[in-house]
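Following: one structure in structure tokens, then a few remarks.
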Amino acid sequence: MDSKTERMEKIVSLCKRRGFIFQSSEIYGGLNGFWDYGPLGVELKRNVKDAWWKDMVTNHDEFGTPPGAPQGFGMVGLDCSIIMHPQVWKCSGHYDLFCDFMVDCRECQARFRADHVPSSECPLKPSKHPGEHDKCKLTEPREFNLMFKTIVGAMGSAEDAAFLRPETAQGIFVNFKNVCDTTRVRIPFGICQVGKSFRNEITPRNFTFRSREFEQMELEFFCHPNSSMQWYQYWRDRRLKWYTTLGLAGERLQLREHAQEELSHYSCGTSDIEYAFPFLGAGEFGELEGVAHRGDFDLRSHSEGKLNEKTRPLQVELGPDGKPKWAGSGKDLSYFDDQTRERYIPHVIEPSAGADRGTLAFICEAFHEDNQPDEKGEMQSRIVMKFHPRLAPIKVAVFPLVKKDGMPEFALDLYRNLKAAGIATYYDQQAAIGKRYRRQDEIGTPFCVTVDGQSIQDQTVTIRDRDTLEQRRIPADKVLEEVAARLRA
RNA sequence: GCGGGUGUAGCUCAGUGGUAGAGCACCACGUUGCCAACGUGGACGUCGUGGGUUCGAGCCCCAUCACCCGCUCCA
């Protein structure tokens, strides 16, 4: 049995059937690498992003020191434009890396960077370079557009080309000075941003995991160079714990510290938080979030001009004319600490998470098939999405046991009260009660409240737990309190 | 980008050149009354898309798109 494929197919099918995730432009045949979130999916993904934002920004206490942190720190948010000045991408390094000219060999089906052909080996004849072997059939160098290009202005031409951002991070770096000048933040502090990014991935694959349009949740944390390693370790551990807290199991989640040779030349450390997605082979993990120590590469590049990653210490990359290959803004992006009278360029720790990948991981982790007894006591299979209550698209479903004797009216009242309190609530009076429970199990609703004949007499209802199937009878006016408490837990 | 597979109802799939099907799901009514009940009725199809062959195509041929698997790629 190919359980790996089967399991993923069941998950994809459920996502479609229940309105979590649809193919983009499906009625036109779909579009490779793009996906839409349906009515339940949008709630789920929103809950993931909200959990991130609240845990990082809204609920952050800048006057306390979180467990494991070297000291207290500030956290603020930002939402910047998707299209930015083209020079941003030249200084960030994306332009050079994302716009390479590539050469394909039709014979050996290999691809080479055009500028690396003289130093590459032909796979068929390793003693020769690509193109030198009799059988080589190289294509003309073709531009490899890893960034989406667009034209700014209705009458714009190629000279007005701009790019859709391939990451949200650069918007934070170029606003570093603005934030420092306007918010009274002091180092150490972080700037958070959630937003769409775009990359022309070579091969979109594995459902939403590798998409061309995706959403990131990024923090750029600015700190003193001397304490940067401590902060790197703090964020690495804290970010891992965030996923655990929201329900990703220990063995399918891992932190993988990059080996020295994997690191960018300027980085003192990078870790990936990875999840064992069902579509991957045994022992394989896919990246959810990268936590990188970026040193002062970004702020210096945007100030002095794009730095050459291969130099140590980092130096501005020069063009043939001896001037910076890509000029920086020329703005001073250093930080002045008026307590210590020290001026320095902060180092940056970057936890960069994929919102769609996280959402997909929570979906995969939540997916369970188990057996539960039906009314005759015979075991029946059921699909249940065991979302953490904080992430579940619907928190409570309210049912009248039967649609008569005042039960629907009682149940609707309760439904409206819960909605008014901001709880995502669903009302259902159709079909047998057992079927309604199963419908909610399949979309991961953690609590079902049922109004029965006794409710009309004594104002109590039963509240059922999705995972244990346990039911307790509580006063109807305690439902809100009960649910709210379990959402916090 | 390369090779293989798949594409028929919301979902899972049957249908091998001659009237478009099943199960589940969905809707209505009745019945039941706490874990996928039953009865009756109902709605739901560009057979992925476009061409071609044929008297006739869901089925054969070509192209194309999407998804899955394996390579490649993933700064």
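Quick caveat, the model's predicted, so the values are computed rather than measured. Order of the sequence lines fixes the chain letters, A, B, ..., with proteins taken first and strands second; residue numbering starts at 1 for each chain.
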Under the rule for side chain to side chain contact (heavy atoms under 4.5 Å, CB included), what residues qualify as partners of Ser329(A), not counting sequence neighbours?
Lys331(A)
Nearest to the Glu9(A) side chain among rG33(B), rA37(B), rC68(B), which nucleotide is it?
rC68(B)
Base, sugar-phosphate, or nothing for Gly33(A), non-hydrogen atoms under 4.0 angstrom?
sugar-phosphate
Could you tell me how far apart Phe209(A) (CZ) and rC68(B) (P) are, to the nearest whole angstrom?
13 Å
Does the side chain of Asp465(A) come under 3.5 Å of the side chain of Thr468(A) through a donor N or O and an acceptor N or O?
yes
In whole angstrom, what separates Glu6(A)'s CD from rC11(B)'s P?
18 Å
If we take the P atom in both rU49(B) and rC65(B), what is their distance in whole Å?
15 Å
Looking at rC47(B), which nucleotide sits across from it as a Watson-Crick or G-U wobble partner, both distances under 3.5 angstrom, or is there none?
none
Atom C1', compared across rU19(B) and rG58(B): separation rounded to whole Å:
14 Å
Using Watson-Crick geometry (N1-N3 plus N6-O4 or O6-N4) or G-U wobble (N1-O2, O6-N3), each under 3.5 Å, rC73(B) is paired with none
Give the rounded distance in Å between these two atoms: CZ of Arg205(A) and C1' of rC68(B).
8 Å
Is it true that Phe221(A) and Trp235(A) have ring centroids separated by less than 6.0 Å?
yes
Ignoring backbone atoms, test whether Asn200(A) places a side-chain nitrogen or oxygen under 4.0 Å from the OP1 or OP2 oxygen of rC73(B).
no
5'-most contact on RNA chain B: Glu26(A) or Trp35(A), nearest heavy atom basis?
Glu26(A)
Considering Watson-Crick and G-U wobble pairs with both distances under 3.5 Å, what does rG17(B) pair with?
none
Check this for me, if you would: do Arg300(A) and Glu304(A) make a salt bridge, where the nitrogen-to-carboxylate-oxygen distance has to be below 4.0 angstrom?
yes
Hey, is the side chain of Arg464(A) pairing donor to acceptor with the base of rC35(B) inside 3.5 Å?
yes
Provide, to the nearest angstrom, the distance between the CD atom belonging to Glu274(A) and the P atom belonging to rC74(B).
16 Å
Euclidean distance for P, rG15(B) against rG48(B) (whole angstrom):
15 Å
Can you tell me which nucleotide in rC35(B), rG70(B), rC73(B) comes closest to the side chain of Thr203(A)?
rC73(B)
Picking from rU32(B), rC73(B), rC35(B), which would you name as closest to the side chain of Tyr437(A)?
rC35(B)
rG42(B) and rA9(B), which share atom name C1', separated by this distance in whole Å:
15 Å
Could you identify which residues of residues 10-24 of chain A place a heavy atom less than 4.0 Å from some atom of RNA chain B, listed by residue number, or say none?
Ser13(A), Lys16(A), Arg17(A), Gln23(A)
Measuring only the C1' atom in each nucleotide, how far is rU46(B) from rG51(B)? A whole number of Å is fine.
15 Å
Taking any strand in view, what nucleotide pairs with rC29(B) in a Watson-Crick or G-U wobble way, both distances under 3.5 Å?
rG39(B)
Rounded distance in Å - CG (Asn206(A)) to C1' (rC73(B)):
13 Å
Could you state the atom-to-atom distance from CZ of Arg210(A) to P of rC68(B) in whole Å?
12 Å
Looking at rA9(B), which nucleotide sits across from it as a Watson-Crick or G-U wobble partner, both distances under 3.5 angstrom, or is there none?
none
Base-pairing mate for rC34(B) - Watson-Crick or G-U, with both contacts under 3.5 Å
none
Arg466(A) bridged to Asp441(A) by N-O distance under 4.0 Å
no
So does Asn32(A) get a side-chain nitrogen or oxygen closer than 4.0 Å to the phosphate oxygens (OP1/OP2) of rC67(B)?
yes
Here the gap from Met8(A) atom CE to Lys10(A) atom NZ, rounded to the nearest 0.5 Å, amounts to 13.0 Å
Please give the distance between the P atoms of rC59(B) and rA20(B) as a whole number of Å.
13 Å
Please state how far atom CD in Glu284(A) lies from atom C1' in rC69(B), giving the value in whole angstrom units.
13 Å
Whole angstroms only, please: what is the CZ-C1' distance between Arg439(A) and rG10(B)?
14 Å
If you draw the axis of the six-membered ring of Phe214(A), does the NZ or CZ of Arg357(A) fall within 45° of it and under 6.0 Å from the ring centre?
no
Given that Arg357(A) and Gly434(A) both sit by RNA chain B, which one's nearest nucleotide is further toward the 5' end?
Gly434(A)
Ion pair present between Glu309(A) and Arg312(A), side-chain N to carboxylate O less than 4.0 angstrom?
no
Please check if the number of heavy atoms outside Phe207(A) that lie under 6.0 Å from its CZ is greater than 12.
yes
I'd like to know whether Arg473(A) forms a salt bridge (charged side-chain N to carboxylate O under 4.0 Å, His left out) with Asp452(A), so could you lay out the CA-CA distance, the side-chain angles of the two residues, the decisive distance to 0.1 Å, and finally the verdict.
CA-CA 11 Å; Arg473(A) 186 166 281 279; Asp452(A) 58 13; 2.5 Å; yes
Under a 3.5 Å threshold, yes or no: a donor from one side chain and an acceptor from the other, between Tyr37(A) and Thr359(A)?
no
Any donor-acceptor pair under 3.5 Å between the side chain of Tyr28(A) and the base of rC65(B)?
no
Any N/O donor-acceptor pair, Glu201(A) side-chain to rC74(B) base, under 3.5 Å
no
Can you tell me, in whole Å, how much space there is between the C1' of rC38(B) and that of rC47(B)?
34 Å
Gap in Å between the two C1' atoms, one belonging to rA14(B) and one to rG41(B), rounded:
26 Å
Is the phosphate of rG33(B) approached by Lys403(A) (side-chain N or O, under 4.0 Å from OP1 or OP2)?
no
Could you check whether Arg294(A) pairs with Glu220(A) (Lys NZ or Arg NE/NH1/NH2 to Asp/Glu carboxylate O, under 4.0 Å)?
no
So, with a heavy-atom separation below 4.0 Å from RNA chain B, the residues of residues 444-456 of chain A are Thr450(A), Asp452(A)
